[in-house]
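Read the structure below first, then the notes.
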Amino acid sequence: SALMPPPFPFKVVILAAGFLKVPPRSMLIGVGLGRTVRFGAEAILAAIYGQTIIALVQERAGLVSLVLVSSIVIMAIAYYAWQKKAFAEG
């Protein structure tokens with residue numbers, strides 16, 4: 001679970017390890033190794049592709065901005081509609 005990105009419920013895994021009486025030392029070693037692999041891989045990818053990605057985003061700054069703003073507006077509208085529906089039902 002230490003390799004998974006943030007939306008993954010990491011706290012549930014930690015709580016389950018406590019409930020299942022996993023030894024703290026092995027849990028810390030597992031989490032430490034998993035995080036080292038995850039963030040190490042991110043660092044390597046950033047070192048290899050970082051400048052290329054930055055240049056690509058700078059070349060297409062208008063399109064990137066449009067996509068980000070559109071996504072935020074769509075999510076805001078969806079959230080408003082969801083809240084309005086939930087409020088009307090409850």
Side-chain angles (χ1 to χ4, degrees):
S1 67
L3 295 172
M4 300 301 292
F8 186 77
F10 186 68
K11 289 180 184 178
V12 174
V13 174
I14 299 296
L15 290 172
F19 180 74
L20 295 172
K21 297 185 174 141
V22 174
R25 183 175 180 193
S26 64
M27 186 64 190
L28 286 173
I29 291 171
V31 169
L33 287 174
R35 291 293 169 119
T36 301
V37 169
R38 176 178 168 215
F39 293 121
E42 286 182 17
I44 291 168
L45 290 172
I48 294 171
Y49 298 111
Q51 293 300 320
T52 306
I53 292 171
I54 290 171
L56 183 69
V57 169
Q58 287 174 342
E59 287 175 15
R60 295 178 174 90
L63 178 62
V64 170
S65 298
L66 179 65
V67 168
L68 286 174
V69 170
S70 298
S71 298
I72 291 169
V73 168
I74 289 169
M75 286 188 288
I77 291 170
Y79 180 76
Y80 176 75
W82 176 64
Q83 288 294 319
K84 188 175 179 182
K85 181 181 176 186
F87 184 71
E89 290 177 357

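As the structure is a prediction and not an experimental result, all values here were calculated from the model.
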Donor-acceptor pairs are to be reported for all side-chain atoms of residues 62-75 against protein atoms at under 3.5 Å, with residues two or more places apart or in another chain.
| from | atom 1 | to | atom 2 | distance (Å) |
| --- | --- | --- | --- | --- |
| S65 | OG | A61 | O | 2.8 |
| S70 | OG | L66 | O | 2.7 |
| S71 | OG | V67 | O | 2.8 |

On the six-membered ring of F8, is R38 placed so that its NZ or CZ lies under 6.0 angstrom from the centre and within 45° of the ring axis?
no

Would F10 end up clustered with V22 when hydrophobic side chains under 4.5 Å apart are linked, directly or stepwise?
yes

Distance, nearest 0.5 Å, that separates CD of Q83 from OH of Y80:
10.5 Å

In this structure, CD1 of I44 is separated from CZ of F39 (nearest 0.5 Å) by 14.0 Å

